J.: 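This structure is in structure tokens; I'll ask about it shortly.
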Amino acid sequence: EAGVAQSPRYKIIEKRQSVAFWCNPISGHATLYWYQQILGQGPKLLIQFQNNGVVDDSQLPKDRFSAERLKGVDSTLKIQPAKLEDSAVYLCASSAEQGYVSEQYFGPGTRLTVT
Amino acid sequence: RKEVEQDPGPFNVPEGATVAFNCTYSNSASQSFFWYRQDCRKEPKLLMSVYSSGNEDGRFTAQLNRASQYISLLIRDSKLSDSATYLCANSGAGSYQLTFGKGTKLSVIP
């Protein structure tokens with residue numbers, strides 16, 4: 001079974017530029033998550049989708065971050081304009097909830113450096 | 001109090017040793033618990049899920065203590081390949097969202 005796919009793997013941009021990340025979840029997984037992981041920290045949830053609807057985006061900095069999952073499969077996370085503090089790894093995860101069971105599987109991440 | 005707390009370590013243990021990590025959580029409504037392993041510059045990989053009192057998989061044992069609100073991970077007969085950061089995560093009642101700790105770094109030394 002193919003895992004979660006993400007691209008690009010690495011991105012270097014200057015502050016105030018924009019950037020977009022793409023994620024394709026495991027086939028059949030209805031729920032998709034975007035996390036931000038800053039060096040030395042655990043992943044922090046940015047947004048959760050169930051199919052193509054947003055379940056929770058309370059921790060998404062909406063003045064600069066946006067995300068969509070138009071057809072309920074792959075998703076795009078965008079940052080515009082980027083700040084230095086956005087330097088982090090952006091991880092996408094997916095899960096197939098069955099009752100209360102929800103095991104999330106992560107993609108390889110996109111390592112963003114903002115200079 | 002942070003939602004999920006872990007001792008960052010590092011834990012430096014010799015090969016063959018038994019090592020245990022604890023993870024405390026503040027949300028008493030948490031229902032599901034997970035241990036993830038994260039290698040340097042890699043994504044977290046699911047190691048174990050804990051939905052009741054505990055779980056065991058080979059050399060790895062996870063135990064949940066709801067009264068004291070902590071979950072532990074025990075690794076027996078440590079291998080060099082066990083060197084990684086171990087992340088604890090939980091999800092609340094009716095929610096599939098995970099809250100992660102900062103991770104505990106383990107180095108297994110020859």
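Quantities reported herein were computed from a predicted structural model and do not represent experimental measurements. The chains referred to below are lettered A, B, ... by the order of the sequence lines, with proteins before strands, and numbering in each begins at 1.
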J.: For the interface with chain A, which of B:Glu43, B:Lys105, B:Gln38 has the highest count of heavy-atom pairs at distances below 4.5 Å?
T.: B:Glu43
J.: With a 4.5 angstrom heavy-atom cut-off, is it the side chain or the backbone of A:Gln48 that approaches chain B, or both, or neither?
T.: side chain
J.: Are there more than 12 heavy atoms of other residues, nucleotides or ligands under 6.0 Å from atom NZ of A:Lys62?
T.: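 Yes - once you tally the heavy atoms of other residues, nucleotides and ligands closer than 6.0 Å, there are more than 12.
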J.: Is A:Ile12 atom CD1 crowded by more than 12 heavy atoms from other residues, nucleotides or ligands, each under 6.0 Å away?
T.: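 Open: at most 12 neighbouring heavy atoms sit under 6.0 Å from CD1 of A:Ile12.
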J.: Under 4.5 Å from any heavy atom of chain A, what part of B:Gln6 do you find: side chain, backbone, both or neither?
T.: neither
J.: Are B:Leu46 and A:Phe106 close enough, and set up right, to give a side-chain contact (heavy atoms from CB on, under 4.5 Å), and what steps lead you there?
T.: CA-CA 9 Å; B:Leu46 183 63; A:Phe106 286 84; over 6 Å; no
J.: May I ask whether A:Trp22 and A:Ile47 are part of the same hydrophobic cluster, defined by side-chain heavy atoms of I, L, V, M, F, W, Y residues being less than 4.5 angstrom apart, directly or through others?
T.: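 No, no single cluster joins them.
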J.: Begin from the C-alpha positions of A:Glu103 and B:Phe34 and carry the test side-chain contact (heavy atoms from CB on, under 4.5 Å) through to its verdict.
T.: CA-CA 8 Å; A:Glu103 296 178 343; B:Phe34 305 88; 3.9 Å; yes
J.: If I compare all heavy atoms of A:Gln104 with all of B:Tyr36, which pair ends up nearest, and what's the gap?
T.: O-OH, 2.6 Å
J.: Working to the nearest 0.5 Å, report the span between NZ of B:Lys102 and CD of A:Gln37.
T.: 12.0 Å
J.: Look at atom CD of B:Gln63 and say whether more than 12 heavy atoms of other residues, nucleotides or ligands are closer to it than 6.0 Å.
T.: no
J.: Hydrophobic cluster membership, with links at side-chain heavy-atom distances under 4.5 Å among I/L/V/M/F/W/Y: are B:Leu73 and B:Val19 in one?
T.: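 Yes: a chain of side-chain contacts under 4.5 Å links B:Leu73 to B:Val19.
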J.: Assigning hydrophobic clusters by single linkage (Ile, Leu, Val, Met, Phe, Trp, Tyr; side-chain heavy-atom cutoff under 4.5 Å), is B:Leu47 placed with B:Tyr25?
T.: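 Looking at the clustering, B:Tyr25 is in the same group as B:Leu47.
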J.: So which residue, B:Ser49, B:Pro44, B:Pro8, ends up with the most heavy-atom pairs under 4.5 Å with chain A?
T.: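 Highest number of heavy-atom pairs under 4.5 Å: B:Pro44.
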J.: Where on A:Tyr33 is there a heavy atom nearer than 4.5 Å to chain B: the side chain, the backbone, both, or neither?
T.: side chain
J.: Rounded at 0.5 Å granularity, tell me how far OG in A:Ser58 sits from CD in B:Gln97.
T.: 6.5 Å
J.: Would a hydrophobic clustering, with Ile, Leu, Val, Met, Phe, Trp and Tyr connected at side-chain separations under 4.5 Å, put A:Leu39 with A:Trp34?
T.: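 They do not share one cluster, since no chain of ILVMFWY contacts under 4.5 Å joins A:Leu39 to A:Trp34.
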J.: Would you say A:Pro43 and B:Leu87 make side-chain contact, with heavy atoms under 4.5 Å?
T.: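 Yes, their side chains come closer than 4.5 Å.
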J.: Out of curiosity, does A:Leu45 fall in the hydrophobic cluster containing A:Leu77 (side-chain heavy atoms, cut-off under 4.5 Å, transitive links)?
T.: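 Different clusters: A:Leu77 never reaches A:Leu45 through Ile, Leu, Val, Met, Phe, Trp or Tyr contacts under 4.5 Å.
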